[in-house]
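FYI, side chains are in, hydrogens and waters are out, and symmetry mates aren't considered; it's all heavy atoms of this structure. Keep in mind the model is a prediction, meaning the values are calculated, not measured. Below, read A as the first sequence line, B as the second, and so on, with proteins coming before strands; counting in each chain starts at 1.
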Amino acid sequence: MFDGRVLLKQVILLFWPLISTWVQGAEKIDSCQLQVLEMLSSLGSAGGKSAKPSFVSYVTPEEIKSEKEPSRKEKHPDLLPGEVVFCSASTVLKYTQDDLSQRGVFGVLLCTNFRVSFVSDEEPTEEMVRTLFKNKLYGENDIPLSCVDNIYGDKRKLITGGLVKNKYPSKMIIHCKDLRVFQFSLSFSKEEDAKKIFQGIVHHCLEPKSLRCLFAFSYCENTSPNRKCVGGLFTKLLRKKQTVMFDSVEDWTQDMKRTKGNCRVVSENSNFELSPKLPQYFIVPKNVSDEDLTKYQGKGLPMWCWSHHSGCALFKTASIPLVQEDNVCCRMLTAVAHNHLYSVKTEDLSDTLPTVQDILLSYNKFKQFFLIDNTTEFWMSDMKWFSSLDNCGWLDIIRQCLQKAVEVVESLEKENTNVLIMEEGGSDLCCVVSSLVQLMLDPYYRTLLGFQSLVQKEWVAGGHAFLDRSNHLHLKDKVESQSPVFLLFLECVWQLQQQHGPAFQFSETYLTVLSDSVHVPVFTTFLFNNDGHRDSLLRAESPHTQRSPLNCPTVWDWSVQFDCKAQDLFTNPLYTEKPKQDTSVRKSYRPRHLRQLSLPSSAFKTPPKKGFFKDEADNLKKILGVKRLSRWMLSPSSDSPQTSSSVREFYEAWQTKPLDYHGLLLPCLDGPSIRVWMQRYLRWIHDVQILGGGPVAMLSKVSEILGEVQELQRQLDRHGCTLTSNHKGARPRAKTAAAVIAARSSVRLSSSFPFVTSRNWAFKPAIPTSLLQSLMVTGMPGNLADREDDGGPESLV
Amino acid sequence: LHYAPIATISYWLPSKTNASRESLKMEPLADCSLLPGEERIIDKDIIYICPFSGALKGKVFITNYRLYFKSADADPAVTLDVPLGAIGRVEKMGGASSRGENSYGLDITCKDMRNLRFALKQEGHSRRDIFDILFKYAFPLSHGLLLFAYLSQEKFEENGWSVYKPMEEFRRQGLPNDKWRVTFINANYELCDTYPTILVVPFKATEEDLRKVCTFRSRGRIPVLSWIHRENQAVICRCSQPLVGMSGKRNKDDERYLDLIREANGTAKLTIYDARPSVNAVANKATGGGYEGDDAYQNAELVFLDIHNIHVMRESLKKLKDIVYPNVEESHWLSSLESTHWLEHIKLVISGAIQVADKISGGNSVVVHCSDGWDRTAQLTSLAMLMLDSHYRTLRGFQVLLEKEWIGFGHKFANRIGHGDKNHADQDRSPIFVQFIDCVWQMTKQFPTAFEFNERLLVTILDHLFSCRFGTFLFNCERARDTNELRSKTVSLWSLVNSDLSFYQNPFYTPESNRVLYPVASMRHLELWVTYYIRWNPRIRQQQQSPVEQRYIELLALRDEYLKKLEELQLSDSSPNSSHLSNSSTPNAASPTQHITHLHTPF
């Protein structure tokens, strides 16, 4: 059979003089030669199919132009509905990230109203097509515009919008918010194209724009909602019951009933008449008067979050500006106290937790450890890894949020006191702490739908300013308000999840994907600052203004991004539903109540504690008159010792009890227990992939067996056999999840599964490159480091 | 009351008491049951100053094997069960006239990352007898007494001493062959007194050659084969440093001998891995040692692996103890951890072993040495073998690896651990073996399905590294073991382990025979072995099983149960009476014996 490869070899030989002169002229002589050589060798071995394109991709544009021109039109990604290409450039070289050899692939770089996209000239190999965990909106070489974090030019100069005039760098590095790093060389493209694409990307990624320019709007106008996906376990789960959106009186009433709350549902704001910043619907203590509702645009109003089975409840509020000389505070506090037993504790989170600016600063330092341009840099940073991690303070911020949540849990669970948390806007750290408290106390929120409902309740309806905090629009006046508060929350959830895996119905992968989705400008969930904002915009943008508002998907419609099989990876195979789940939710609380916490008798005596909450009078005074003195300080030692000892005692008492995954969960806050979210942060870094290892190696085995068990259950069911096990009916189709992974286990999984598949795996171990300047052992008594191993006097045989 | 012997449940549930499978074999005596051969020496009322729950009144029992404390009034009772072998140092604390509550007593430093403090009544020299007894029985060798391993009367189903048979192991590797031969030149420890009796050397090297090479290697530890790659015939050889000295001596025999090693599988270059930092290797010339120079060994390349010496490792672990016991350092935990350098040392050892394994996979033979070839060398060769050879990742294979590379090749356990020796400040002490086990643990963490054994085995090994209950880790070399008739007079640790294999089995183990494991030697993936180093802290949750393991075993049991039920149903479908089967029994989920049963569905 006539093989294309043979022809290609001849073509290469024909062009060889040209190639080699070009190679000599090029800057990266070694790398280019390598590529050509590699191509030649690959021609010898590779399958005939991919040979032709790889010729195209590795050879300089001049030689191939004529051959390539016709195919150029096809080099678009599959555009989404409403997606428009702004500009593009061909023969852009995308460097592979794995090594220093500066190798890469040629392709077309495009900028659309949704993404920056690189389309390789190479035909996708079979393996890549098979990629299981494919996002339907964007591929592995696509960067949604709002996902672009920073762009660097030559010599790693940070590009800021507006500065570029007629110039473009030969090398462009893009850091993404999901921590991918792309490096493109523009020096092989036509000057005009290169300039256009560079300026286009900078313009669309970094320059201020209006909300209407976000892709969501043109996307939604061009899609019909309610696409369905058949068969998957995950979608089954979602379809059976829906995520509670908290956009109706019923949703709120239902949730309050579920927790046996005893408060008042406010619907007066359904048309945002009270305040556009307040949620459309919300719940306040019974004793809040109509008059109080209208004051200060909702500031100072205690908003109900969750009721404990004892009757006490958690409220949050935006603190009232100090100038307001009014006794509204007093009245609000009394109203909260009236909710249960006349006791209330208040906690101003602005006093004790980091500010949103602190959070941003810390995260910006933290993320740099993972935005790795090359291997050398990576191994260099490896030496000081722990102290750098420590110094950026990110883990410590996570710890503080968790600790604060534990303090609140203690008040609710142990002291049965109402708790009112507050901060300036009432929608940042209040959201973090209140959602964490609910996750720890209420197993419902650890289910998939529960968790999504929690995010809807506390974050979306709760008015977290997603748009300002992410600053998708790059508005200059919003730079200050940018902060990864929601990510901080997900980080805290991840900590809980990795400490108490079987308690959560969703997987680590789910959390990672959710954290990525924040930067995909398609979902209404993350595009607005509050209910009012969303409502006004969706209404205004609707093509049929008089009828319904624009119908955009929420992030919870996972079928927009992933097919059913991929979604199966969102569930946690370790999770089991509570045995003998009753229809009445209330009942499931009772056993917990029985084993309510008490301190063990004599063994754990500590000095009488004051607790972290100042007493009520103190707080009133403070809120009314005393100016805030100290904000959060960097050192955790600034925490009062009483606080941590109280929390520790609470934790220890809880820990001596047998662990119930469907009961109260507390995180361990000790140094070794707070860790880095490996999957999210290390997934793209080649040198730390554990090939054939990582936790997924175990989890996939669990999934496999789970699948088998469920298959057996089905067969037994068919025989009419009644099973007593709680596995029955819990997750009827989990077999698919297992099957998917089982199918993949022929392909070797790595620690970054499912985000990176097994392509390009060099079967070479990563050997730290900077070992030589490694360990400077200092402070050793008597120069022990230089001593002989057995240098003692007796050892000289 | 039954309490658990240290090997089993006491580690997992430090404060819980439970009838363990072993305690059944012991004769009950008063408050606690003793090992066969264990004798009670003294009981005393005492106050244990627990760093976690404060001063606890109770009673201490001292036997010739252990110190056992049980609190009187705390609920749940706090117990301590410390083999005397784990005690490194006993000191008096406070004097007869010191003031303050509980200021008079004993301060005990243990080798297993904890300190114990006991307080006694100040009047009447109340601590004198207990101090003397503790001092005597914790350090029997310093007092002319026998180690407990020689007194123990324990019996097990399996004889652990038969786990490792050198010839069998070499045969498994395909040796001898036409390039490598077995020599008995050291049968009477005449060539090298710290080597085992059976050695594998290049076929072309004569006994005379070996004797000549012997003069040029520190302590006569000549390069011998540890492991051979089945396909490419590349070998790992181990030895000590060459005796180059200040003058830069050369030895033609040694040079030729190394070239024979290279020649054996026909590769162009032999790689010599010197585990030390190059400065130390240079400094060693002053004391007569050194390294293989380029000019002398022309067909070899020398690579330094920058692993520090035993003193650095000892100080590093000491610092680690400071930040984890009794309390975990609270502020700037990660920086504190970094300043101990413990994980950095681990990283260097692992990445050294990766380089060795990688060279071998590439078909090149390597020679590994440090100064004497019994500390860092043992770490590197055994870790590389663990990466290359899946047999060593099985329960019995791992025992063979330890017997071969550590015990057989003369890692100086007696000196490094100081069994029964009162001299706690001895400069020979060093946690080299602990560090190695830590490296193994790091590998099991990164490859949770690749090892047949579980974390429990590793902890058990470390517990009995100190305990002196078994003979396995006693003495410095085979010669000393022979002289002291160790194998006939003591019990092997593997007797305990192999009599209860399922306890040490990893349910996730998936055998993959030809797979080389390359762990990632990055600080990003190395973690502190919390469940060993911080296990005494009650805030670190000690779980009998990880939740993943638990769930997996539950599911396995459930599957077996369903399979059985289905079979029954299919049987009864063909028979007339099938109605009663719809009432099924409750699943007995966590039955630990069921997880070994095998795995295919018949569908």
Exercise. What closest approach, in Å, do A:G694 and B:P448 show between heavy atoms, and which atom pair accounts for it?
Worked result: O-CG, 3.4 Å
For this session: For the residue pair B:T449 and A:K701, confirm or rule out a side-chain donor-acceptor distance under 3.5 Å.
Result: no
Exercise. Is there a side-chain contact between A:Q715 and B:K565, using heavy atoms and a 4.5 Å cut-off?
Worked result: no
Problem set entry | Part of A:L395 lying under 4.5 Å from any heavy atom of chain B | side chain
Exercise. What part of B:L526 is in contact with chain A, defined as an atom under 4.5 angstrom from a non-hydrogen atom: side chain, backbone, both or neither?
Worked result: backbone
Exercise. Quick one: are B:L555 and A:E708 in side-chain contact, heavy atoms under 4.5 Å?
Worked result: no
For this session: Kindly compute the distance separating CD (B:E330) from CZ (A:R648), expressed to the nearest 0.5 Å.
Result: 4.5 Å
Problem set entry | Heavy-atom side-chain proximity of A:I685 to B:R524 below 4.5 angstrom | no
Exercise. What part of A:L682 lies closer than 4.5 angstrom to a heavy atom of chain B: side chain, backbone, both or neither?
Worked result: side chain
For this session: Please tell me if the side chains of A:P672 and B:I534 come closer than 4.5 Å, counting only heavy atoms from C-beta onward.
Result: yes
For this session: Check whether B:L528 gets within reach of chain A through its side chain, its backbone, both or neither, counting any heavy atom under 4.5 Å.
Result: neither
Exercise. Which atoms form the tightest heavy-atom contact between A:S751 and B:H525, and what is the distance?
Worked result: OG-NE2, 4.5 Å
For this session: First locate atom CH2 of A:W379, then atom OG of B:S522, and finally report the distance between them rounded to the nearest 0.5 Å.
Result: 4.5 Å
Seminar exercise, completed: Honestly, the part of B:Y509 sitting under 4.5 Å from a heavy atom of chain A is backbone
Exercise. Under a 4.5 Å heavy-atom cut-off, does chain B meet the side chain of A:F378, its backbone, both or neither?
Worked result: both
For this session: Could you tell me whether the side chain of A:K384 reaches within less than 4.5 Å of the side chain of B:M523, counting heavy atoms only?
Result: no
Exercise. What distance do B:H332 atom NE2 and A:D396 atom CG have between them, rounded to the nearest 0.5 Å?
Worked result: 7.5 Å
Exercise. Under a 4.5 Å cut-off applied to non-hydrogen side-chain atoms, are A:D390 and B:E338 in contact?
Worked result: no
For this session: Calculate, to the nearest 0.5 Å, the distance between atoms CE and OH belonging to A:M698 and B:Y552 respectively.
Result: 11.0 Å
Exercise. Chain A heavy atoms under 4.5 Å from B:L343: which part of the residue, side chain, backbone, both or neither?
Worked result: side chain
Exercise. Is chain B contacted by the side chain of A:V702, its backbone, both, or neither, given a heavy-atom distance below 4.5 Å?
Worked result: both
Problem set entry | Nearest-0.5 Å distance, NZ of residue B:K564 to CG of residue A:L712 | 14.0 Å
For this session: Spell out, as yes or no, whether a donor-acceptor pair under 3.5 Å connects the side chain of B:R559 to the backbone of A:I705.
Result: no
Problem set entry | Under 4.5 Å from a heavy atom of chain A, the part of B:V548 involved | both
For this session: Find out whether A:V709 and B:Y562 are in side-chain contact, i.e. whether some heavy atom of one side chain is under 4.5 Å from a heavy atom of the other.
Result: yes
Exercise. So do A:W385 and B:L334 actually touch side chain to side chain, heavy atoms under 4.5 Å?
Worked result: no
